[in-house]
**Q** 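Please find one structure pasted underneath; my questions will follow.
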Amino acid sequence: MQETTTAPRRLRLHPVRPACWCFDTVLLAAFVALTVALASGYLLGLDIAVVDWADTHRPDWAYWTARIFNYLGQGTPLMVIAVLLGALLAWRTRSVRPLLPPAAAWLLIYGVVGPLKLTTDRAAPSATYKEPFLSQADAVELFHTAGVYGRSYPSGHVVNTIVWYGVLALLLAALLRHAGRPLPHPAVLALRVLPPAIVLVTTTYLGWHWFTDSVAGLLLGLLLDRLLHRVPWDDLPLPGRLRAWGRPALYRSV
């Protein structure tokens, strides 16, 4: 009697909008083009002009308002919130899958953004009035060997905000769906759009990053976010004993 074997289920990427990989290619190409332009000396005058304008249009009330709102982009608190939400959803669904997106987001951010910051070696605007007390023309350059102070490009705050709020939206939507209260699409959109926009503006206005640092963070953050949301978290094969905790939890329930 001939034995039959079950073919392994084919993994399919989760859909994102816009679905075409050409959009991801455009984001990557724009990031590379921006980096090359800055390394070649272009757009540096724009960065200096934006910082000079912000420095002369920053009353105390605006400074403190921007500083408070900028906390929306703090990576560590966002990671902790994402892990807690993932753990709660994992407990509710008896599945380990809700913990996978926060872990992947952390690895992706630190595995991509960290090396880029060290490689491009660009000082922040504050390096002109703090150590190493660079001139403005020197601080704005890429590949300037500013050492420990050369970690401004791209903006980690902007990347953090885009990636972590994307993970939070995914987890919160799944948690509410399992509770029978679907998260409205406008709420998802607000959660994913407003914090990155606020952080991009405030981190530039406060002079903590050059304007093009924030633009680069926007391009890179969107690219990493799209990669994370393409992953079919509910269908990924799990090793060993984790298979018993591998029921769908993020996009659908068993």
Side-chain angles (χ1 to χ4, degrees), residues 31 50-51 54 58 60-89 98-118 120-127 129-131 146 148-175 183 187-229:
F31 176 79
V50 171
V51 166
R58 196 185 297 129
D60 287 344
W61 67 267
Y63 169 82
W64 286 108
T65 300
R67 184 160 185 171
I68 291 171
F69 277 105
N70 191 256
Y71 281 109
L72 290 170
Q74 294 294 320
T76 300
L78 290 174
M79 178 187 67
V80 171
I81 295 171
V83 171
L84 291 176
L85 271 180
L88 177 59
L89 182 58
L99 296 174
L100 299 180
W106 185 86
L107 289 172
L108 201 55
I109 289 173
Y110 285 92
V112 174
V113 178
L116 281 173
K117 283 178 172 288
L118 294 174
T120 53
D121 197 20
R122 189 189 207 186
S126 59
Y129 55 85
K130 297 180 180 179
E131 291 187 11
V148 70
Y149 302 98
R151 299 177 183 176
S152 186
Y153 184 90
S155 169
H157 273 69
V158 176
V159 175
N160 282 335
T161 312
I162 294 173
V163 173
W164 283 119
Y165 280 95
V167 172
L168 291 175
L170 171 64
L171 295 173
L172 188 59
L175 187 62
L183 186 64
V188 175
L189 191 62
L191 185 62
R192 301 200 62 188
V193 172
L194 291 180
I198 291 170
V199 170
L200 187 150
V201 171
T202 56
T203 198
T204 305
Y205 178 68
L206 290 167
W208 292 351
H209 277 286
W210 304 102
F211 173 66
T212 52
D213 293 343
S214 298
V215 174
L218 174 65
L219 296 171
L220 188 60
L222 288 173
L223 178 60
L224 298 183
D225 175 77
R226 286 172 60 81
L227 291 177
L228 281 171
H229 281 267

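Being a predicted model, the structure only gives us computed values, none of them experimental. These values consider heavy atoms only, across backbone and side chains, with no hydrogens, waters or symmetry-generated copies.
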**Q** Could you pull out the closest heavy-atom pair between Leu78 and Leu72, with the gap in Å?
**A** CD1-O, 3.5 Å
**Q** Using a distance-only test with no angle check, is there a side-chain donor-acceptor pair under 3.5 angstrom linking Ser214 and Thr203?
**A** no
**Q** Does the side chain of Leu171 come within less than 4.5 Å of Pro102's, by heavy atoms?
**A** yes
**Q** I need the Leu175 CG to Leu88 CG distance, nearest 0.5 Å.
**A** 5.0 Å
**Q** Indicate the atoms forming the closest heavy-atom contact of Ala104 with Leu228, along with that distance.
**A** CB-CD2, 3.7 Å
**Q** With a 3.5 Å cut-off and no angle check, do the side chains of Thr161 and Arg192 form a donor-acceptor pair?
**A** no
**Q** Please find the pair of heavy atoms, one from Gly73 and one from Val199, that lie closest to each other, and give the distance.
**A** N-CG2, 3.6 Å
**Q** Under a plain distance cut-off of 3.5 Å, with no hydrogens placed, do Asn70 and Thr202 share a side-chain donor-acceptor pair?
**A** yes
**Q** Please examine the side chains of Ile162 and Leu224, heavy atoms only from C-beta on, and report whether any two atoms are closer than 4.5 Å.
**A** no
**Q** Give a yes or no answer on whether the side chain of Arg151 reaches the backbone of Asp121 with a donor-acceptor pair at less than 3.5 Å.
**A** no
**Q** Nearest heavy-atom pair of Leu220 and Pro154: which atoms, and what distance?
**A** CD2-CG, 3.8 Å
**Q** Consider only side-chain N and O atoms of His209 and Thr204, and report whether a donor and an acceptor are under 3.5 Å apart.
**A** no
**Q** Any side-chain heavy atom of Val163 within less than 4.5 Å of one from Leu108?
**A** no
**Q** Taking all atoms of both residues into account, what is the closest heavy-atom pair of Pro195 and Leu191, and its distance?
**A** CD-O, 3.2 Å
**Q** Please round to the nearest 0.5 Å and tell me the distance separating atom CH2 of Trp164 and atom CD1 of Ile81.
**A** 10.5 Å
**Q** Do side-chain atoms of Tyr165 reach the backbone of Ala190 as a donor and acceptor pair under 3.5 angstrom?
**A** no
**Q** Would you mind reporting whether Trp210 and Pro125 have side-chain heavy atoms less than 4.5 Å apart?
**A** yes
**Q** Rounded to the nearest 0.5 Å, how far does CG of Leu172 lie from CG of Leu85?
**A** 6.0 Å
**Q** Does OH in Tyr63 sit with more than 12 non-hydrogen atoms of other residues, nucleotides or ligands closer than 6.0 Å?
**A** yes
**Q** Over all heavy atoms of both residues, which pair between Ala127 and Ala123 is shortest? Give the atoms and the distance, please.
**A** CB-CB, 3.7 Å
**Q** With a cut-off of 6.0 Å (strictly less than), are more than 12 heavy atoms of other residues, nucleotides or ligands near OH of Tyr71?
**A** no
**Q** Is the shortest heavy-atom distance from the side chain of Leu116 to the side chain of Phe31 under 4.5 Å?
**A** yes
